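All of these numbers come straight from a predicted model, not from anything done at the bench. All residue numbers refer to positions in the sequence shown, counting from 1.
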Amino acid sequence: MGAGIAKAIKAQFPEAYQADLQTISGDREKLGSYSQAKIQRDGVEFIIINAYSQFDWRGRGLKADYDAIRQVFQGIKAEFSGLKIAYPLIGAGLAHGDWSIISQIIEDELQGEAHTLVKLSDS
């Protein structure tokens with residue numbers, strides 16, 4: 001959680017970082033899974049998901065794993081169906097994924113769910 005939106009989440013929601021620390025760092029088996037942290041701020045409770053959708057961040061080229069993104073959103077639908085789901089441009093920033101592909105994966109996997117893209121001012 002040292003760059004991109006993950007870094008911003010780590011700074012604002014250290015609970016999400018602590019959830020990530022409970023997983024094995026550098027474990028390829030995490031691809032397609034997620035960890036989660038329950039957050040309470042100003043009387044509001046919500047959950048932040050740490051989606052493991054890429055293995056490496058170094059070098060050039062595509063780092064987003066489209067199959068892993070699909071698996072993450074399948075899991076999110078299974079666990080959080082009926083709740084409001086929001087997500088950033090997952091995989092389309094530093095991971096160099098194609099947002100038209102990723103957004104279609106999300107649409108397919110969250111069909112029938114209330115979900116929305118949330119863009120940060122520098123995303």
Against S53, only a single residue in I90, L31, D65, D67 fulfils side chain to side chain contact (heavy atoms under 4.5 Å, CB included); can you say which?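 Only match with S53 under side chain to side chain contact (heavy atoms under 4.5 Å, CB included): I90.
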Show every ring pair (Phe, Tyr, Trp, His ring centres under 6.0 Å) that has at least one partner inside residues 59-80, sequence neighbours left out.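 Counting only pairs at least two positions apart or across chains, the ring pair (Phe, Tyr, Trp, His ring centres under 6.0 Å) contacts touching residues 59-80 are F73-Y87.
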Considering only residues two or more places apart or on different chains, which pairs with a residue in residues 31-54 satisfy ring pair (Phe, Tyr, Trp, His ring centres under 6.0 Å)?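 Applying ring pair (Phe, Tyr, Trp, His ring centres under 6.0 Å) to every pair that reaches into residues 31-54, excluding sequence neighbours, yields F13-F46.
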Within residues 31-47 or reaching into it, pairs that qualify as salt bridge (Lys or Arg N to Asp or Glu O under 4.0 Å) - sequence neighbours excluded: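 Salt bridge (Lys or Arg N to Asp or Glu O under 4.0 Å) check on residues 31-47 returns E15-R41.
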By the salt bridge (Lys or Arg N to Asp or Glu O under 4.0 Å) test, which pairs, at least two apart or in different chains, include something from residues 79-104?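 Counting only pairs at least two positions apart or across chains, no salt bridge (Lys or Arg N to Asp or Glu O under 4.0 Å) contact touches residues 79-104.
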Residues two or more places apart in sequence or in another chain: which of them pass salt bridge (charged side-chain N to carboxylate O under 4.0 Å, His left out) with R60?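 R60 satisfies salt bridge (charged side-chain N to carboxylate O under 4.0 Å, His left out) with no other residue.
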Can you name the closest pair of heavy atoms from [X] and [Y] and give their distance?
X: E113; Y: G82; answer: OE1-N, 2.8 Å
X: E29; Y: D27; answer: N-OD1, 2.9 Å
X: A19; Y: Q36; answer: CB-O, 3.4 Å
X: A64; Y: G97; answer: CB-CA, 4.0 Å
X: I39; Y: A16; answer: CD1-N, 4.4 Å

Any donor-acceptor N/O pair, N50 side chain to Y17 backbone, under 3.5 Å: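 It does not hold such a pair.
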For the backbone of H96 and the side chain of K63, can you confirm whether one donor and one acceptor N or O come within less than 3.5 Å of each other?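 It does not hold such a pair.
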State the [atom1]-[atom2] distance between [X] and [Y], to the nearest 0.5 angstrom.
X: K77; Y: I106; atom1: NZ; atom2: CD1; result: 13.5 Å
X: I48; Y: Q12; atom1: CD1; atom2: CD; result: 8.0 Å
X: Q104; Y: E109; atom1: CD; atom2: CD; result: 10.0 Å
X: I76; Y: H115; atom1: CD1; atom2: NE2; result: 11.5 Å
X: K10; Y: D20; atom1: NZ; atom2: CG; result: 9.0 Å
X: K30; Y: I24; atom1: NZ; atom2: CD1; result: 8.0 Å

Residue list, side-chain contact (heavy atoms from CB on, under 4.5 Å) with T116, at least two apart or on another chain: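 Partners of T116 by the side-chain contact (heavy atoms from CB on, under 4.5 Å) criterion, ordered by chain and then number, come out as A86, V118.
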Under 4.5 Å between side-chain heavy atoms, hopping through other hydrophobics if needed: is there a path connecting L117 to I47?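 Yes, L117 connects to I47 through the hydrophobic network.
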With a 4.5 Å cut-off on side-chain heavy-atom distances among I, L, V, M, F, W and Y, is there a chain of contacts connecting F55 to V72?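 No, separate clusters.
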